[in-house]
Peer 1: 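I am attaching a structure below and will ask some questions about it afterwards.
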Amino acid sequence: MFGQAVAIVVHEGVQALDVAGPVDVFTEANSYLDASDKYETVLVAADRNPLRASNGMRLLGDVTFEDASGGFDVILVAGGPALPVAAPDPSLVEWVRGAPWRSSVYGSICTGAFVLGHAGLLDERRVTTHWQDAQALAAKFPKAKVEPDLIYVRDGRLITSAGVTAGIDLALALVGQRHGAEVALKVAKRLVVVAQRQGGQSQFSPYLSAPADPASPIARVQDHVMANIGDRHTLQSLAEAARMSTRNFARHFVKEAGITPHEFIERARIDAARMKLEGSDLPLKAVAYDCGFGSADRMRIVFTARLAVTPAQYRASFRKPEPV
């Protein structure tokens with residue numbers, strides 16, 4: 001007798017680890033739960049024909065969309081490499097559209113967020129996906145509030161995760177919320193994964209989102225900002241560095257980088273601060289000054305708004321140990 005039903009929605013070309021990671025978390029959790037509270041995890045697919053995952057692995061759905069008409073405690077749509085560029089199966093979208101009425105918690109792993117978007121479930125909601133596809137998700141579903149640099153995001157009953165292994169973090173978070181941190185920690189130890197990789201941990205660096213042409217004026221300005229991260233940068237000073245008018249610079253920057261200059265500067269400062277917090281014991285006020293925040297209070301405000309953790313919490317969670 002199972003107490004909690006979890007549906008993982010699968011499809012042709014699904015990312016195998018998006019499926020296996022959360023399934024293993026819920027299965028391992030059962031070792032520490034009473035029989036009446038254990039998880040029953042099923043794979044839901046369009047039909048019972050074998051599916052080919054993106055890595056070539058074959059999967060079989062346990063139930064079809066037609067059969068899975070009842071309710072679940074959790075519904076999660078697994079991602080796949082084709083979802084950002086190809087329209088998903090209409091039957092998949094139609095079934096997922098009913099997820100809010102079929103479950104207590106619903107969401108996606110990695111690019112499964114695109115299916116939620118096609119189903120109309122992302123409008124005015126905070127969501128995330130793999131960092132490489134975040135810009136495409138925001139462009140395709142402009143009403144969504146895409147957070148490109150978070151491991152997972154919870155917005156009410158909707159929960160979405162970043163790429164691939166972040167599905168494990170999402171599942172651990174769900175286990176922890178329902179059964180407590182101790183159970184989540186035991187599961188993480190069994191799986192030999194980091195137990196407290198919080199949703200606020202950044203999944204990527206803004207250094208990875210440079211313009212396609214590294215010799216462009218915009219790329220040179222980004223290099224200038226990152227090389228002088230502690231300096232004060234204004235739109236006027238950046239435009240002068242690019243040898244453009246302020247108006248032209250702002251327009252070209254957004255076109256090439258996909259974000260505003262202000263957004264890039266803030267992301268770059270957060271990233272620089274993350275590196276210092278992870279790799280040094282510098283006082284918070286020194287980190288804030290070196291990274292251009294001006295004060296520890298200002299850095300705390302930005303970290304809390306962007307990453308949902310304070311700089312002190314971030315350091316406590318992700319400080320790299322000194323080499324032996």
Peer 1: Got L76 and I159 here, is their nearest side-chain heavy-atom distance under 4.5 Å?
Peer 2: yes
Peer 1: Assess whether atom CD of E266 is packed by more than 12 heavy atoms of other residues, nucleotides or ligands within 6.0 Å.
Peer 2: yes
Peer 1: List the residues meeting side chain to side chain donor-acceptor pair (under 3.5 Å) with Q177, not counting sequence neighbours, and say none if there are none.
Peer 2: R154
Peer 1: Is any side-chain heavy atom of V127 less than 4.5 Å from a side-chain heavy atom of D155?
Peer 2: no
Peer 1: Is any side-chain heavy atom of L174 less than 4.5 Å from a side-chain heavy atom of V25?
Peer 2: no
Peer 1: My understanding is that only residues two or more places apart in sequence, or in another chain, count here; which of them pass side chain to side chain contact (heavy atoms under 4.5 Å, CB included) with R243?
Peer 2: R220
Peer 1: Please report the C-alpha distance between L122 and L137 in whole Å, then the side-chain angles of each, then the deciding distance to 0.1 Å, and finally whether the side-chain contact (heavy atoms from CB on, under 4.5 Å) criterion is met.
Peer 2: CA-CA 10 Å; L122 299 187; L137 185 70; 4.0 Å; yes
Peer 1: Could you list the cluster mates of V93? Members are the ILVMFWY residues connected by side-chain heavy atoms closer than 4.5 Å, either directly or through other members.
Peer 2: none
Peer 1: Considering the options R126, R267, R125, which one meets the salt bridge (charged side-chain N to carboxylate O under 4.0 Å, His left out) requirement together with E147?
Peer 2: R126
Peer 1: Please enumerate all residues that pass side chain to side chain donor-acceptor pair (under 3.5 Å) together with R190, with sequence neighbours excluded.
Peer 2: E28, Y32
Peer 1: Side chains of P261 and Q222, heavy atoms from C-beta outward: is any pair under 4.5 Å?
Peer 2: no
Peer 1: Checking V221 against F249 for the side-chain contact (heavy atoms from CB on, under 4.5 Å) test, could you report, in this order, the C-alpha distance in whole Å, the side-chain angles of both residues, the deciding distance, and whether it holds?
Peer 2: CA-CA 10 Å; V221 168; F249 170 73; 3.9 Å; yes
Peer 1: Which heavy atom in K38 sits nearest to a heavy atom in L33, and how many Å separate them?
Peer 2: NZ-O, 3.2 Å
Peer 1: Where is the tightest heavy-atom contact between F26 and T41, given as atom of each residue plus distance?
Peer 2: CB-OG1, 3.7 Å
Peer 1: According to the ring-ring contact (aromatic ring centres under 6.0 Å, His included) rule, which pairs have a member within residues 64-109, sequence neighbours left out?
Peer 2: F65-W95
Peer 1: For the residue pair V19 and V14, establish whether any side-chain heavy-atom pair is separated by less than 4.5 Å.
Peer 2: yes
Peer 1: Can you list, pair by pair, the side-chain donor-acceptor contacts under 3.5 Å of residues 283-299, counting residues two or more places apart and other chains?
Peer 2:
residue, atom, partner, partner atom, Å
S295, OG, R298, N, 3.1

Peer 1: Treating T160 as the side-chain partner and T128 as the backbone partner, does any N or O pair qualify as donor plus acceptor under 3.5 Å?
Peer 2: yes
Peer 1: Taking the side chain as C-beta and beyond, is there a heavy-atom pair between L83 and P88 under 4.5 Å?
Peer 2: yes
Peer 1: Test side-chain contact (heavy atoms from CB on, under 4.5 Å) on R274 and L307 and set out the steps.
Peer 2: CA-CA 11 Å; R274 287 195 309 110; L307 305 182; 4.2 Å; yes
Peer 1: Which pairs count as ring-ring contact (aromatic ring centres under 6.0 Å, His included) when at least one residue sits in residues 221-246, sequence neighbours excluded?
Peer 2: H224-H233
Peer 1: With rounding to the nearest 0.5 Å, note down the distance linking OG in S108 to CD1 in I75.
Peer 2: 12.5 Å
Peer 1: Do any pairs count as a side chain to side chain donor-acceptor pair (under 3.5 Å) and have a residue in residues 7-24, sequence neighbours left out, and if so which ones?
Peer 2: none
Peer 1: Measure the shortest side-chain to side-chain distance between L121 and L158 over non-hydrogen atoms and say whether it is less than 4.5 angstrom.
Peer 2: no
Peer 1: Does anything in residues 75-92 form a side chain to side chain donor-acceptor pair (under 3.5 Å)? List the pairs, not counting sequence neighbours.
Peer 2: D89-S91
Peer 1: Just jot down the ring-ring contact (aromatic ring centres under 6.0 Å, His included) partners of H252, sequence neighbours excluded, or say none.
Peer 2: none
Peer 1: Any salt bridge (charged side-chain N to carboxylate O under 4.0 Å, His left out) pairs touching residues 59-71, not counting sequence neighbours?
Peer 2: R48-D67
Peer 1: Could you state the interatomic distance from CG (D271) to NZ (K276), rounded to the nearest 0.5 Å?
Peer 2: 12.0 Å
Peer 1: Are Y39 and V10 connected in the hydrophobic side-chain network, where two residues link if heavy atoms are under 4.5 Å apart?
Peer 2: yes
Peer 1: Heavy atoms, side chains only, cut-off 4.5 Å: are L60 and L43 in contact?
Peer 2: no
Peer 1: May I ask you to decide if V6's main-chain N or O and D73's side chain share a donor-acceptor pair within less than 3.5 Å?
Peer 2: no
Peer 1: Nearest 0.5 angstrom please: S31 OG to K186 NZ, how far?
Peer 2: 10.5 Å
Peer 1: Could you grab the distance from atom NE2 of H179 to atom CG of D34, nearest 0.5 Å is fine?
Peer 2: 10.0 Å
Peer 1: Step by step, work out the side-chain contact (heavy atoms from CB on, under 4.5 Å) result for I265 and L238.
Peer 2: CA-CA 11 Å; I265 291 170; L238 297 180; 3.7 Å; yes
Peer 1: If I take atom CD1 from residue I109 and atom NE2 from residue H130, how far apart are they, to the nearest 0.5 angstrom?
Peer 2: 14.0 Å
Peer 1: Pairs in or reaching into residues 93-122: which pass salt bridge (charged side-chain N to carboxylate O under 4.0 Å, His left out), with residues at least two apart or in two chains?
Peer 2: E94-R97
